[in-house]
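Per chain, numbering begins at 1; letters A, B, ... match sequence-line order.
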Protein chains: 4
Amino acid sequence: MYIQIEPESDIPIYSQVSTQVMEGIIRGELAAGEVLPSVRGLASDLGVNMHTINKSYHDLEAKGVITIVPKSGAVISVAPLKGASKEQTDLLSEKLRPTVVEAMVSGMNDDEIHALVDSIMRNVREMK
Amino acid sequence: MYIQIEPESDIPIYSQVSTQVMEGIIRGELAAGEVLPSVRGLASDLGVNMHTINKSYHDLEAKGVITIVPKSGAVISVAPLKGASKEQTDLLSEKLRPTVVEAMVSGMNDDEIHALVDSIMRNVREMK
Amino acid sequence: MYIQIEPESDIPIYSQVSTQVMEGIIRGELAAGEVLPSVRGLASDLGVNMHTINKSYHDLEAKGVITIVPKSGAVISVAPLKGASKEQTDLLSEKLRPTVVEAMVSGMNDDEIHALVDSIMRNVREMK
Amino acid sequence: MYIQIEPESDIPIYSQVSTQVMEGIIRGELAAGEVLPSVRGLASDLGVNMHTINKSYHDLEAKGVITIVPKSGAVISVAPLKGASKEQTDLLSEKLRPTVVEAMVSGMNDDEIHALVDSIMRNVREMK
DNA sequence: GTGGTCTAGACCACC
DNA sequence: GTGGTCTAGACCACA
């Protein structure tokens, strides 16, 4: 499982890391029970601050994707795939909305927007 | 055209305003050539600072959605709907990706995600 | 001598008017001694505020291009073409500099910038 | 790279700063990839408000001259010199026109105006 | 009255 | 320490 970050991106590094871990889970590269690299190890590999990785892991824990076991490490949760609750979909909807609106106002029609989402999902599943 | 903001949201106020103006355009409530409320007027209506609205309007101008005419006001651009370029869709894709990944990892399947996007688009078109 | 204004332009209306009067002089459409339209008349023709035209005329007078005779009107000065003084060229240089710099940084070479200036001068002399 | 401002000038401070950064790029003092001083640092050096420099930098970013990397700084863009497009030259032309007209009406001939432009370009390239 | 510009000072997220 | 965001209040040019 390789993680690559783009320091120049608008997206915060900690968020890039969380997202890529989630992508690894989706692709099956990271299976339930598997252990993530240590905070310090991953930080030095990526050349970023330890606190940044720490934040990523705690975000993932808050999302229920991993469990942080003090002194031992972070492990992928057994069953993160439980379907989305009403609150979750509402939250996702809120996050998606501004970008969807931007796409709509730039003249994309519904099919094009769906195709865009499809291309993202395909891309996530295939490689990185 | 009513604009409502949530000061407590983690989405910046200026961004909430920009998004709602774009939604108004999509719904046809704001037609090309129409004039937006003055920076100071809208600011006092919403109970926020002038500079916050100023930033919204300048962002919208940078996106090509409105034109700011000094001493006269901000008007909706004549042809904002020109279809999205390659760079634009790439940018949109980048912005969408983290949330789409989050939806995937939470167990939503492709149909559910498409339904979510559809519900957003419907919601944007209907009212607010 | 027709004057046209673009209310949408970044350039203030009073400045557009002054510039076009000067262009008329350069083309010979407005000869020394000729009388300009009245402030009120021109303002209503152009659909702008009287104060705006007033400002144009006073700017032109400050530049030595016209003379405002109270109760009588504004007349083109007899000899506006006296060559530029050191202070004038310095002032012109200051005004030109930011735009020239912008052209340079956008990748235009010296010849292209000269060609641009030439096209402006030709355009001024030909029509409007 | 030194930046000097004239608070008394009728040219806005933020614009003076942008122009001088562009001049530094033209002279090669600021090479692609180089990092500009921090917004707050430069502001305190020049004795102006942070927001003033912030506006300069965002304007330069809108012009494609620099890239602002949140939490990291502003860097000179790799390839700002891409030649000017039709719209760009039209815009430059509009900005140049009033001053060129003023020069013409003051009696300068074409050669003198070209010499003036040359002196500006030489001045920009040499020092400041 | 409108937008443009500027200041002073504040809190926050990120690194 | 960095940029991002926001507020409060000010003066000016323009219409």
Side-chain angles (χ1 to χ4, degrees), chain A residues 5 7 9-17 43 46-56 59, chain B residues 5 7 9-17 35-44 46-59 61 66-75, chain C residues 5 7 9-17 43 46-56 59, chain D residues 5 7 9-17 35-44 46-59 61 66-75:
Chain A
I5 57 170
S9 166
D10 292 0
I11 297 161
I13 294 174
Y14 83 91
S15 174
Q16 294 183 40
V17 173
L46 299 179
V48 302
N49 194 293
M50 197 194 82
H51 298 326
T52 305
I53 303 301
N54 213 357
K55 172 150 190 166
S56 292
D59 271 21
Chain B
I5 56 168
S9 164
D10 50 354
I11 296 169
I13 295 174
Y14 80 90
S15 176
Q16 294 182 40
V17 173
V35 181
L36 290 178
S38 78
V39 169
R40 283 165 169 83
L42 182 54
S44 87
L46 297 180
V48 301
N49 191 278
M50 174 209 103
H51 291 110
T52 306
I53 304 299
N54 206 9
K55 172 151 192 170
S56 288
Y57 280 15
H58 278 92
D59 275 16
E61 190 178 39
I66 67 173
T67 305
I68 297 173
V69 184
K71 326 304 168 194
S72 159
V75 303
Chain C
I5 57 169
S9 165
D10 292 1
I11 297 162
I13 294 175
Y14 84 91
S15 173
Q16 294 183 39
V17 173
L46 298 179
V48 302
N49 194 293
M50 198 195 80
H51 299 327
T52 306
I53 303 301
N54 213 354
K55 171 148 191 167
S56 292
D59 270 22
Chain D
I5 57 169
S9 165
D10 49 355
I11 297 169
I13 296 174
Y14 80 89
S15 176
Q16 295 183 40
V17 173
V35 181
L36 289 177
S38 79
V39 169
R40 283 164 168 85
L42 182 54
S44 87
L46 298 179
V48 300
N49 191 278
M50 175 210 103
H51 292 111
T52 305
I53 303 300
N54 206 8
K55 174 152 191 170
S56 289
Y57 280 16
H58 278 93
D59 275 15
E61 190 179 37
I66 67 172
T67 304
I68 297 173
V69 184
K71 326 304 167 193
S72 159
V75 303

How long is the line joining [atom1] of [X] and [atom2] of [N], in whole Å?
{"X": "Ile66(D)", "N": "dG3(F)", "atom1": "CD1", "atom2": "C1'", "answer": "12 Å"}
{"X": "Ile5(A)", "N": "dC14(E)", "atom1": "CD1", "atom2": "P", "answer": "15 Å"}
{"X": "Asn54(B)", "N": "dT2(E)", "atom1": "CG", "atom2": "P", "answer": "13 Å"}
{"X": "Asp10(C)", "N": "dG3(E)", "atom1": "CG", "atom2": "P", "answer": "15 Å"}
{"X": "Ile53(B)", "N": "dT5(F)", "atom1": "CD1", "atom2": "P", "answer": "14 Å"}

Quick one: [atom1] on [X] to [atom2] on [Y], what's the gap to the nearest 0.5 Å?
{"X": "Tyr14(D)", "Y": "Asp59(D)", "atom1": "OH", "atom2": "CG", "result": "5.5 Å"}
{"X": "His58(D)", "Y": "His58(B)", "atom1": "NE2", "atom2": "NE2", "result": "13.0 Å"}
{"X": "Asp10(D)", "Y": "Ser15(D)", "atom1": "CG", "atom2": "OG", "result": "10.5 Å"}
{"X": "Ile5(B)", "Y": "Leu46(B)", "atom1": "CD1", "atom2": "CG", "result": "5.0 Å"}

Requested in this report: Check whether any side-chain heavy atom of Val17(C) lies under 4.5 Å from a side-chain heavy atom of Thr52(C), and answer yes or no.
Outcome: no
Between side-chain atoms of residues 37-44 of chain B and protein atoms elsewhere (two or more places apart, or another chain), which donor-acceptor pairs fall under 3.5 Å?
residue: Ser38(B); atom: OG; partner: Gly41(B); partner atom: N; Å: 2.9
residue: Ser44(B); atom: OG; partner: Gly41(B); partner atom: O; Å: 3.3

Report task. Tell me whether the OP1 or OP2 atom of dT2(F) has a side-chain N or O from Ser38(D) closer than 4.0 Å. Result ->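 Yes.
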Report summary line: 5' to 3', nucleotides 6-12 of chain F under a 4.0 Å protein heavy-atom cut-off (B base, S sugar-phosphate only, - none) gives BBBBBB-
Query raised in the report: Which atoms form the tightest heavy-atom contact between Ile66(B) and Ala74(B), and what is the distance?
Result: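 Nearest pair, atom of Ile66(B) first, then Ala74(B): CD1-CB, 3.9 Å.
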Query raised in the report: If a stem is a run of at least 3 consecutive Watson-Crick or G-U pairs, both distances under 3.5 Å, which stems include DNA chain E?
Result: E:1-14 with F:1-14
